[in-house]
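Report on the following structure.
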Amino acid sequence: LMFVKPSREDVSYPTFDLMAHAPWLRRLLASRQSQLIFSIPISVFVVAVISTGVFGPQTQDNLAPYLTWSVWWVFIIFVVALVGNIGGIACPWESISFWLVRRFPGRRFLSLERPWPRRLHNVWLAAIFFLGFIWLDLVTRLSLSAAWTVGFWLMMLLLSSVGMLVFDKASWCRYGC
């Protein structure tokens with residue numbers, strides 16, 4: 001079945017759990033400082049892309065689509081392939097949204113801190129968003145337009161911020177993204 005995680009016994013290829021063999025690496029990656037080391041440059045990149053899309057020329061010469069669809073996604077693919085999923089410490093949507101939500105006046109009163117729905121503890125929601133995104137790109141040519149590219153980044157920031165206001169801290173990035 002698609003999107004079903006095999007149990008450890010079902011894996012027929014050799015695996016190596018680096019974290020089990022290097023506890024110092026686990027502590028390093030779990031520290032607040034390493035999160036800042038990864039998230040600050042990536043968040044600065046995201047803000048630069050949004051600024052370029054908003055304040056740059058609204059022509060094909062704008063760098064926002066190129067930086068997003070060529071540089072960013074290629075970078076993500078290589079990082080995941082070579083290092084693994086470091087989204088928990090380097091996700092720009094989570095970093096920026098968390099920063100915004102923490103500074104939101106009256107957050108304690110507005111945040112519901114609800115648990116993520118149990119039936120959505122899988123990748124189906126992310127798969128649906130991905131297919132919706134592909135459809136949107138085919139219909140609007142999202143990847144060629146600075147305005148649509150900025151809209152994509154802002155939509156992801158809005159969804160992440162709302163998700164963090166409604167659900168516990170990282171549910172959106174864990175299950176929705």
Side-chain angles (χ1 to χ4, degrees), residues 1-13 15 29 35 38-39 42-43 45-50 52-54 62-102 104 107 110-177:
L1 288 172
M2 196 164 119
F3 303 120
V4 175
K5 185 176 180 178
S7 67
R8 289 238 181 237
E9 296 81 35
D10 294 339
V11 175
S12 62
Y13 52 86
T15 62
L29 293 176
Q35 184 178 13
F38 287 109
S39 66
I42 291 173
S43 297
F45 176 82
V46 170
V47 170
V49 169
I50 292 171
T52 301
V54 170
N62 194 304
L63 285 176
Y66 168 74
L67 290 173
T68 300
W69 311 115
S70 298
V71 175
W72 172 256
W73 289 112
V74 170
F75 170 76
I76 293 297
I77 290 167
F78 276 104
V79 167
V80 169
L82 298 173
V83 180
N85 184 2
I86 61 168
I89 60 172
C91 176
W93 297 303
E94 182 181 4
S95 301
I96 295 171
S97 296
F98 186 61
W99 182 82
L100 289 172
V101 167
R102 281 193 355 211
F104 194 86
R107 179 189 186 283
L110 293 176
S111 178
L112 301 175
E113 295 289 331
R114 299 184 60 96
W116 190 260
R118 186 91 177 123
R119 66 178 185 263
L120 294 178
H121 279 215
N122 51 47
V123 297
W124 285 108
L125 186 60
I128 291 167
F129 277 131
F130 179 70
L131 291 175
F133 166 72
I134 297 298
W135 175 82
L136 187 65
D137 183 41
L138 291 172
V139 170
T140 65
R141 303 305 302 158
L142 172 83
S143 58
L144 299 177
S145 165
W148 278 102
T149 299
V150 168
F152 165 77
W153 284 103
L154 294 176
M155 179 195 67
M156 288 301 296
L157 287 170
L158 177 68
L159 285 172
S160 297
S161 298
V162 168
M164 293 177 98
L165 282 169
V166 174
F167 299 105
D168 58 343
K169 179 184 175 280
S171 288
W172 172 255
C173 287
R174 188 179 311 126
Y175 300 113
C177 186

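Each residue takes its place number in the sequence, starting with 1.
With rounding to the nearest 0.5 angstrom, the CD1 atom of I76 is 6.5 Å from the CD1 atom of I42. The line from CZ of F152 to OG of S145 is 13.5 Å long, rounded to the nearest 0.5 Å.
Among all heavy-atom pairs drawn from I50 and V150, the shortest one is O-CG2, 3.8 Å. When all heavy atoms of A146 and P65 are compared, the closest pair comes out as N-CG, 3.6 Å.
Within a 6.0 Å sphere centred on OH of Y66, heavy atoms belonging to other residues, nucleotides or ligands number 12 at most.
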Stepwise, does the side-chain contact (heavy atoms from CB on, under 4.5 Å) test hold for T149 with N62?
CA-CA 11 Å; T149 299; N62 194 304; over 6 Å; no
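Looking only at side-chain heavy atoms (C-beta outward), W135 and L131 stay at 4.5 Å or farther from each other. A 4.5 Å side-chain heavy-atom check between W116 and L125 finds at least one atom pair inside the cut-off.
Residues meeting the ring-ring contact (aromatic ring centres under 6.0 Å, His included) test with F75, sequence neighbours left out: none. A search for side-chain hydrogen bond (donor to acceptor under 3.5 Å, both in side chains) contacts involving W73 returns nothing, not counting sequence neighbours.
For the ring pair (Phe, Tyr, Trp, His ring centres under 6.0 Å) with W69, the lone residue among W148, F133, W153 that qualifies is F133. Of the candidates L63, V54, V71, L67, V49 forms a side-chain contact (heavy atoms from CB on, under 4.5 Å) with just one, namely L67.
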